[in-house]
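Since the structure comes first, as structure tokens, the remarks are kept for the end.
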Protein chains: 2
Amino acid sequence: MAHVDNGRTRILDSAATALRQKGLAGAKLSEIAKGAGMLAPSIYHHFPSKDHLVEQVMMEGIYRNSRHIVARVEVLGPDAAPMVRLRAAIVAHIDFLLSGDDYSSAVARVFEDLPDEMRRRVLAAYSSFDNYWRDLIVAAQADGSASAALDATVVRKFLIAMLDSCSSWYRPGKLAPAQIAEQAADLLLHGFAGSRPGAM
Amino acid sequence: MAHVDNGRTRILDSAATALRQKGLAGAKLSEIAKGAGMLAPSIYHHFPSKDHLVEQVMMEGIYRNSRHIVARVEVLGPDAAPMVRLRAAIVAHIDFLLSGDDYSSAVARVFEDLPDEMRRRVLAAYSSFDNYWRDLIVAAQADGSASAALDATVVRKFLIAMLDSCSSWYRPGKLAPAQIAEQAADLLLHGFAGSRPGAM
DNA sequence: GTCTATAATCAGATAGAC
DNA sequence: GTCTATCTGATTATAGAC
């Protein structure tokens, strides 16, 4: 949405930033408009309501996030092992969130606060991406490289919640985003007590 | 807060429930009052503002959660191994969230949306509990039972985010809370790819 | 396509009776 | 300690000029 600079796109970008930083109720139309270089009523020339604007940001965030992760997994080719694909997805997810994409961070921040009907629609749009994660997890269990003692749904919920959290607490400093991504993958796949090559 | 049934306590209980279910902006004073068996203006006899009420719920949630977890860890005695203590804390945290305590779930739900100054105060109250987790993690690394290749702060942030998430997605059904707790501990400590006794 | 002015709504908060 | 009635302020949304 950043490749063209028309009014509609500037509003969406500004809304994504505001939603990420301040949440649904905290993102005022006046502030969103200011970020887009206009005043609040001008938004209504491009969107019929705040809800419609928010929903567009959600859909765009889901689309961007899923496109990025699927691309980073599928580039491995059809013969990549399930655990290699899962690890690539984990790393790609963190990389993308910490790359500063406001749309995907906005989804993680405000999803729970959406009005019921909108949340249902957003969830429906998210479902194919959710299934993609489920398939990665189930495939790793099916070929014996992952623990079959863990429930695939529980793993998926915990995994996504853990990854999504990083955009709320990460601050540039000691560790670079790529290092956070590696630590997340190591923690999720091998565990904090895990003894793997090179770890003590 | 549920052992006495005075007006103040009923309001706090109702506020915790509403905050957990609907978030900060979604929890209206009129609804909180209704849950306490009164009308909105009556709340002001017990609390000077909605913000004060919310802050009390946050403080109570932190207190309950930390008291429960510390008790479940310290009952192991002074000679328990660091990894045993850490696992007990993980299991206790999930158990408590899924036991239906609205106060601790409310904290996880609305913390990010709190006004800046209140969030600072709540964070300060949380810090000793946060340090408790940090000590559990560092102790496990220090005695060699946990990976020293992982950053202790990153592990703590990911771990707490993952555990906190369960109150938003768990629904009674196939798995009992105690089973979710065990799965969380296995996933965090041994990893999804981890091969431990009994796992495939 | 953006503006100024204003309406409409809603939720937090206050006043004062009982 | 709770109520009814009201006030205040903030925010979404509309009307209509430019």
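Numbers restart at 1 for each chain; the letters A, B, ... are given by sequence-line order, proteins then strands.
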**Gap separating the CG atom of Leu188(B) from the CE atom of Met162(B), nearest 0.5 angstrom** =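 Here the interatomic distance stands at 3.5 Å.
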
**Message:** With a 4.0 Å cutoff (strictly under), does any side-chain N or O of His45(B) reach OP1 or OP2 of dC3(D)?
**Reply:**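 Answer is no, no contact under 4.0 Å.
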
**Message:** So, OP1 or OP2 of dG1(C): does either fall under 4.0 Å of a side-chain N or O from Arg10(A)?
**Reply:**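 Answer is no, no contact under 4.0 Å.
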
**Toward the 5' end of DNA chain D, by each residue's nearest nucleotide, Lys28(A) or Pro48(A)** =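 Result of the comparison: Lys28(A).
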
**Request:** Indicate if Leu187(B) and Val138(A) have the same hydrophobic cluster label, given that clusters are the connected sets of ILVMFWY residues with side-chain heavy-atom separations under 4.5 angstrom.
**Result:**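 As far as the 4.5 Å side-chain criterion goes, Val138(A) and Leu187(B) are not connected within one cluster.
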
**Request:** Just say parallel, tilted or perpendicular for the rings of His68(A) and Phe96(A), cut-offs at 30° and 60°.
**Result:**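 Parallel, since the angle between the ring planes stays under 30°.
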
Can you tell me the distance, in whole Å, between the [atom1] atom of [X] and the [atom2] atom of [N]?
X        : N       : atom1 : atom2 : result
Asn6(A)  : dT2(C)  : CG    : C1'   : 15 Å
Lys50(A) : dA10(D) : NZ    : C1'   : 12 Å
Arg8(B)  : dG1(D)  : CZ    : P     : 12 Å
Glu55(B) : dG12(C) : CD    : C1'   : 17 Å

**Message:** With the threshold set at under 4.0 Å for non-hydrogen atoms, list the residues of residues 29-44 of chain A touching DNA chain D in residue-number order.
**Reply:**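 Within residues 29-44 of chain A, the residues near DNA chain D are Leu29(A), Pro41(A), Tyr44(A).
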
**Message:** What I want to check is whether the side chains of Asn6(B) and Thr9(B) have a donor and an acceptor closer together than 3.5 Å.
**Reply:**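 Asn6(B) vs Thr9(B): donor-acceptor pair found between side chains.
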
**Asked** What are the two closest non-hydrogen atoms of Ser167(B) and Asp164(B), and how far apart are they?
**Response**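 Answer, listing the atom of Ser167(B) first, then Asp164(B): OG-O, 3.3 Å.
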
**Message:** Checking Tyr44(B) now: which residues fulfil side chain to side chain donor-acceptor pair (under 3.5 Å) with it, not counting sequence neighbours?
**Reply:**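 By the side chain to side chain donor-acceptor pair (under 3.5 Å) rule, Tyr44(B) matches no residue at all.
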
